[in-house]
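Below is one structure, written out as structure tokens, with a few remarks after it.
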Amino acid sequence: MLQENEKYDKVLYLLKKSKPLLDSSENIENEVIKRIKNIGHSDRMLNEVFDFLFGWIYIGWVRRCLIVASIALVLVFAYQQAIILRRIDYLSRQTIISGKENTNTHADEMEKMLVVLRNAGRRFPSNSITISEKQMKELLESVNELQLKYKDLENMIESDPELKKMIQKKLMENNRIKINL
């Protein structure tokens, strides 16, 4: 171990004693200066670009004008959305009427239509419902069809005594004597 330490010390002493010879110290100086200039130059270029693009933020009146303009745009957008929503709400309350409005009808059909309209007027506000004549005819046809089916059902019940007893029993359970339509 002792010998290894001695050898190590000798090698270290020789290395310390020998200095590297610089052939071109001026070239090294120039290279160092050149690299330092390039580092500062690229940072300066970046700063100049940012200053050119965003230099207006340091001017107070420009900032305030842009803030006012952005607030105005937001208010215009909100106003526009309110108008659109109001119109959509108005459109959703309207009913679509399709078909002819002026057609000739028989007096009996017209009377039925008036009865239905009168009854509908009691249940709904008069300005919220609009029914075309075609829709009215379809409604009256379906009512007539239901009446025919109801009469057929009554005839069927009257003809079958067992069915009649069963229905009367169910009606008595519900405290009714006759079905109300």
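- Both Val62 and Ile57 are assigned to one and the same hydrophobic cluster, defined by single-linkage of ILVMFWY side chains at heavy-atom distances under 4.5 Å.
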>> Ile59 vs Trp61, test: side chain to side chain contact (heavy atoms under 4.5 Å, CB included). Steps then yes/no.
In response: CA-CA 6 Å; Ile59 303 170; Trp61 66 272; 3.1 Å; yes

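- Residues passing the side-chain contact (heavy atoms from CB on, under 4.5 Å) test with Glu138 are Lys134, sequence neighbours excluded.
- To the nearest 0.5 angstrom, Leu14 atom CG is 11.0 Å from Asp9 atom CG.
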Show which side-chain atoms of residues 64-90 pair as donor or acceptor with protein atoms under 3.5 Å away, not counting sequence neighbours.
from, atom 1, to, atom 2, distance (Å)
Ser70, OG, Leu66, O, 3.4
Ser70, OG, Ile67, O, 2.7
Asp89, OD2, Arg93, NH2, 2.6
Tyr90, OH, Gln94, NE2, 2.8

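- Residues that satisfy the side chain to side chain donor-acceptor pair (under 3.5 Å) test with Asn5, not counting sequence neighbours, are absent from this structure.
- Checked against side-chain contact (heavy atoms from CB on, under 4.5 Å), Asp160 has the following partners two or more places apart in sequence or in another chain: Glu162, Leu163.
- A distance of 12.0 Å separates CD in Gln135 from CG in Leu140, rounded to the nearest 0.5 Å.
- Once rounded to the nearest 0.5 Å, the distance linking CG of Asp51 with CD of Glu48 reads 8.0 Å.
- Listed by chain and number, the residues in a side-chain contact (heavy atoms from CB on, under 4.5 Å) with Tyr58 amount to none (sequence neighbours excluded).
- Under a 4.5 Å side-chain heavy-atom criterion applied to ILVMFWY residues, the cluster that includes Leu12 comprises Tyr8 as well.
- Taking the side chain as every heavy atom from C-beta outward, Glu6 and Leu2 approach each other to under 4.5 Å.
- Here Lys151 contributes atom NZ and Met156 contributes atom CE; the two are 15.5 Å apart, rounded to the nearest 0.5 Å.
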>> With side chain to side chain contact (heavy atoms under 4.5 Å, CB included) as the criterion, how do Glu145 and Glu141 come out once you've worked through the C-alpha distance, each side chain's angles and the decisive distance to 0.1 Å?
In response: CA-CA 6 Å; Glu145 186 179 331; Glu141 287 174 5; over 6 Å; no

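- Note on Ile167 and Leu153: same hydrophobic cluster, where clusters join Ile, Leu, Val, Met, Phe, Trp and Tyr whose side-chain heavy atoms are under 4.5 Å apart, directly or indirectly.
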